[in-house]
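What follows is a short report on a single structure.
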There are 2 protein chains.
Amino acid sequence: MQELTLRQQEILLWIRQYMADHGIPPTRLALCAAMGFRSPNAAESHLRALERKGAIELVQGVSRGIRLVEEPKEPSGLPLIGKVAAGQPILAVAHIESYEPIAPELFRPVAHYLLRVQGESMRNAGILEGDLVAVHHTLIAQNGQIVVARLEDEVTIKRFYRQGERVELHPDNPDYPVIEVNLKKRALHIEGVMVGLIRA
Amino acid sequence: MQELTLRQQEILLWIRQYMADHGIPPTRLALCAAMGFRSPNAAESHLRALERKGAIELVQGVSRGIRLVEEPKEPSGLPLIGKVAAGQPILAVAHIESYEPIAPELFRPVAHYLLRVQGESMRNAGILEGDLVAVHHTLIAQNGQIVVARLEDEVTIKRFYRQGERVELHPDNPDYPVIEVNLKKRALHIEGVMVGLIRA
DNA sequence: CTTGTAACTGTATATAATTACAGTTACTTG
DNA sequence: CAAGTAACTGTAATTATATACAGTTACAAG
């Protein structure tokens, strides 16, 4: 869609509002009345301009034949992250498997994405392989929270404990080892905190 | 909305389809063409009938002045069932705590409601106290499936095993006992099978 | 058997709506 | 300064659309 003039934006906005209010597109005369035009041709040529710029479509010979052209809107729902390749940001487009129809507001704080769980290291926290963990993207974690952490290009879900420069990443499964990190020696990034879980 | 005749339903459906296709309501003549009427009055009187029965609204003097009347549609999302009172059906209105904005199609087979988990008896299946279990309402369960069962007015979530007249309801937690039921002696109702889980 | 209603045909007409043509004014761009 | 364009006025004509009126046929209910 080409760029619109101020007046054209104003008119497009009014058309949107009219359609929301009335359930049908406006006539030329209605547009005249609303914008204060004294000539129906003013409405006509504005509509033609909007059509030329791709904002609307006009169906000729048809009363109220105005169609809004949909902006290619962003997919709704939460992105589902599958395997995360080494060295790439977790929300890279390449990692997005799909968009799941789940409201981010279902979780508090809101979820920003879903991460598919690999392995059984959090089994005792009720997090099983294949589950989708809802993650709130944040850099700050409290002790004891379940976090999504990146340690040397590996993304992992663990329980977070910190004392000064020492961080411990605890699995909730005695079969797995506790990961100890000295922040001076190894880079650790908190990618977010777990705010929920979905098993489908 | 009053009940519609078959023909009226057909016409209402066509109007819906037309609006979805064209973005605007149809004219009387378009309706004639579609239904094979040779008189515009056939369309007119059908529209009047639909208006009388509350299916649509007609704006007089306005071209394409047909508005669909929204059905007072059921709240979208899945009903969340909290505590189930003894002797009452699980989907009784009184048990519905709220509607959660979750698409039933997120689960396969589709979920019909969510049930809040009480107790830790399914801990090892990754089902914790307070979790919401998505349930597909069905009377049929396979051995080994996790089911919502009603045993003498108690609603419980367990793993289902059946051999002839004997049913065993297994917890996934060694701290809880296996429940054995002889179908000849005690009534057991399967309320549905677990199809997913949400922890918010 | 009458009455009411659904589901139409057929004709006619007023009005709602699109759309063409001929201009004007102000502003921007090469 | 000429040419193009946005943003209009004003008039007119055609076509699209709603809608009234007068009937017909079939069927169901009191």
Side-chain angles (χ1 to χ4, degrees), chain A residues 1-69 71, chain B residues 1-69 71:
Chain A
M1 188 172 95
Q2 251 175 287
E3 234 178 78
L4 303 180
T5 67
L6 265 178
R7 192 64 165 153
Q8 286 165 1
Q9 283 176 44
E10 203 181 335
I11 287 168
L12 182 57
L13 216 69
W14 179 83
I15 293 173
R16 287 223 176 87
Q17 190 58 51
Y18 184 98
M19 289 180 71
D21 290 348
H22 297 80
I24 49 177
T27 63
R28 271 65 166 170
L29 280 178
L31 180 55
C32 285
M35 308 307 287
F37 302 153
R38 279 191 269 174
S39 165
N41 188 46
E44 183 69 27
S45 39
H46 268 299
L47 292 176
R48 294 280 170 88
L50 285 172
E51 187 181 36
R52 239 184 303 119
K53 297 191 173 177
I56 63 174
E57 268 178 48
L58 295 176
V59 188
Q60 63 165 272
V62 168
S63 75
R64 303 175 189 271
I66 300 171
R67 305 188 68 159
L68 293 178
V69 173
E71 289 288 294
Chain B
M1 190 173 96
Q2 251 176 287
E3 234 179 78
L4 303 181
T5 67
L6 265 179
R7 193 62 166 152
Q8 286 165 2
Q9 283 175 44
E10 203 180 335
I11 287 168
L12 182 57
L13 216 70
W14 178 83
I15 294 174
R16 287 222 177 89
Q17 190 58 51
Y18 184 99
M19 289 180 71
D21 289 350
H22 297 81
I24 50 177
T27 64
R28 270 67 165 168
L29 279 179
L31 181 53
C32 285
M35 308 307 287
F37 301 153
R38 279 191 268 174
S39 165
N41 188 46
E44 183 69 27
S45 39
H46 267 299
L47 291 176
R48 293 280 169 87
L50 285 172
E51 186 181 37
R52 236 182 308 117
K53 296 191 174 178
I56 62 173
E57 268 177 48
L58 295 176
V59 187
Q60 62 165 274
V62 167
S63 74
R64 301 174 188 273
I66 300 172
R67 305 188 69 161
L68 293 178
V69 173
E71 287 288 291

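Residue B:Leu6 contributes atom CG, which lies 12 Å from atom P of C:dC8 at whole-angstrom precision. Distance CZ (B:Arg67) to C1' (D:dA18): 18 Å, rounded to an integer number of Å. For B:Leu31 and C:dT9, the CG to P distance is 11 Å, given to the nearest whole Å. Following rounding to the nearest Å, B:Leu47 (CG) and D:dA20 (P) show an atom-to-atom distance of 12 Å. We find that CE of B:Met35 is positioned 14 Å from C1' of C:dA6, with the value rounded to whole Å.
Counting only heavy atoms from C-beta on, A:Glu44 has its side chain closest to C:dT18 among C:dA17, C:dT18, D:dA18. The side chain of A:Arg48 lies closest to C:dT19, out of D:dT17, C:dT19, C:dA12. For B:Gln8, counting side-chain heavy atoms from C-beta on, the closest listed nucleotide (C:dA16, D:dG10, C:dA7) is C:dA7. Considering only the side chain of A:Ala42, D:dT9 comes nearest among C:dT11, C:dA7, D:dT9.
Residue B:His46 places no side-chain N or O under 4.0 Å from the OP1 or OP2 atom of C:dA6. Applying the 4.0 Å criterion to OP1 and OP2 of C:dT19, one finds that A:Arg28 has a side-chain N or O inside that range. Between A:Ser39 and D:dC8 there is no side-chain N or O to OP1 or OP2 distance below 4.0 Å. Contact check, B:Arg7 against C:dC8: a side-chain N or O comes under 4.0 Å of OP1 or OP2. Residue B:Thr5 places at least one side-chain N or O under 4.0 Å from the OP1 or OP2 atom of C:dA7. Under 4.0 angstrom from either OP1 or OP2 of C:dA17 there lies at least one side-chain N or O belonging to A:Arg64.
A distance of 8.0 Å separates NZ of A:Lys53 from CD of A:Glu3, quoted to the nearest 0.5 Å.
Checked against A:Pro25 for a side chain to side chain contact (heavy atoms under 4.5 Å, CB included), the options A:Ile66, A:Val59, A:Leu58 give a single hit: A:Ile66. Considering B:Leu13, B:Asp21, B:Ile15 as possible partners of B:Gln17, the one that fulfils the side chain to side chain contact (heavy atoms under 4.5 Å, CB included) test is B:Asp21.
Between the side chain of A:Asn41 and the base of D:dT9 there is at least one donor-acceptor pair of N/O atoms closer than 3.5 Å.
Residues A:Arg48 and A:Glu51 are not paired through a salt bridge, judged by the lack of any N-O separation under 4.0 Å between the basic side chain and the carboxylate.
Taking both residues in full, the closest heavy atoms of A:Ala55 and A:Leu12 are given as CB-CD2, 4.0 Å, listed atom of the first, atom of the second, then distance.
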